[in-house]
Amino acid sequence: MEKRGQAIRHGRVWEARILSHDEAAEEDRRFDSGMKQASKFLSYVLRHEPVAIGLQLDAQGWASIEDLVTLTQGREVPLSRELIEAVVAKNDKQRFSISPDGLRIRANQGHSLSVDLGLQPVRPPEILFHGTATRFLESIRSAGLAPQLRQHVHLSPDAETATRVGQRHGKPVVLQVRAAALFDAGTPFYLSENGVWLTPVVPLDYLIFPL
Ligand code: HQG
């Protein structure tokens, strides 16, 4: 009996442990999904549509964190300073920066809005990579790479990253860009705060398609 009682007691303890483990995992999941939602929302308002919440960006793309908190209360994605700071610190691609005084935030790249990130032209490596989807190839083969809705064409430093970028659009394909030659021909290249290469356009002559 005693043994059974112990076993039951142990069982309960074990059950309680499993439960609390599950609860902790659930809490982590909720936190992660809250961060993801906040990150997507920040990308949207800081890169594309600040007017959607009446937010003002300055010419360099900075927004006041206090304004962001105030303007998002009672909306779908209410932000707090803590949540914003966590998103900036933990973001997988370091998409955002907070100003040195801690008062403002901006997206490091990816804007469709015209903002001046203050980046200086840099000579890129010989080859950079562009991940796209196979369904865009025909058009790219005739027109080269255009920034479409964004300010710049986005290029990756390695083929693995480019593959991930291309996957967002469909079946991925990676093009090589003769970046140093294009730079030497007078086209500026910029390196964003989070390691993404940016350039206004890539003409066909500077693209290498996979066989
Ligand atoms: C394609 C993500 C037809 C281009 C990523 C791309 C990146 C053409 C799509 C960042 C074309 C535009 C940007 C032409 C280019 N004809 N299609 N002539 N020229 N395209 O999303 O480079 O996660 O605006 O190949 O990691 O995919 O948001 O650009 O497929 O860094 O931080 O038009 O977004 O960063 O798509 O991605 P996008 P992208 P985040």
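Counting convention: from 1, in listed order, for ligands and their atoms alike.
- Between the choices Thr132, Asn91, Leu198, Leu175, the shortest heavy-atom distance to atom 30 (O) of ligand 1 belongs to Thr132.
- Of the protein's non-hydrogen atoms, Ser139 OG, 3.3 Å is the one closest to atom 3 (C) of ligand 1.
- Residue contact check for ligand 1: Gly144 places a non-hydrogen atom closer than 4.0 Å to it.
- Relative to atom 26 (O) of ligand 1, the option among Arg135, His154, Lys93, Gln167 with the closest non-hydrogen atom is Lys93.
- Of all protein heavy atoms, the one lying nearest to atom 24 (O) of ligand 1 is Arg150 NE, 2.7 Å.
- Here the shortest heavy-atom distance to atom 32 (O) of ligand 1, taken over Arg47, Gln151, His130, belongs to Arg47.
- Electrostatic pairing of Arg29 and Glu26 counts as a salt bridge here, judged by a charged N lying under 4.0 Å from a carboxylate O.
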(request) Evaluate salt bridge (Lys or Arg N to Asp or Glu O under 4.0 Å) for Arg178 paired with Asp205, printing each intermediate quantity in order. (result) CA-CA 9 Å; Arg178 297 195 298 115; Asp205 291 354; over 6 Å; no
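- Near Leu145, meaning under 4.0 Å from one of its heavy atoms, ligand 1 places the atoms 15 (C), 19 (N).
- Salt-bridge annotation for Asp58 and Arg104: present, with a side-chain N of the basic residue lying under 4.0 Å from a carboxylate O of the acidic one.
- Interatomic distance, CD of Glu193 versus CD of Gln94, reported as 9.0 Å (0.5 Å rounding).
- Here Arg168 has side-chain heavy atoms under 4.0 Å from ligand 1, and that is the only part of it that gets that close.
- Taking atom 6 (C) of ligand 1 as the reference point, the nearest protein heavy-atom neighbour is His169 NE2, 3.8 Å.
- Within the 4.5 Å cutoff, no side-chain heavy atoms of Asn108 are placed close to those of Leu117.
- Within the 4.0 Å heavy-atom shell around ligand 1 one finds Ala146.
- Ion pairing between a basic and an acidic side chain is recognised when a charged N comes within 4.0 Å of a carboxylate O; Arg81 and Glu85 show such pairing.
- Between Gln109 and Leu198 the shortest side-chain heavy-atom distance falls below 4.5 Å.
- Using a 4.0 Å heavy-atom cutoff, Leu149 is absent from the residues neighbouring ligand 1.
- Of the protein's non-hydrogen atoms, Gln148 CG, 3.4 Å is the one closest to atom 33 (O) of ligand 1.
- Arg168 contributes no side-chain N or O that, together with a main-chain N or O of Arg164, makes up a donor-acceptor pair within less than 3.5 Å.
- Residue contacts with ligand 1: Val196 is placed with no nitrogen or oxygen under 3.5 Å of a nitrogen or oxygen of the ligand (distance criterion only).
- Against a heavy-atom cut-off of under 4.0 Å, Arg95 is close to the following atoms of ligand 1: 23 (O), 32 (O), 40 (P).
- Side-chain atoms of Gln73 come within 3.5 Å of backbone N or O of Leu79 as a donor-acceptor pair.
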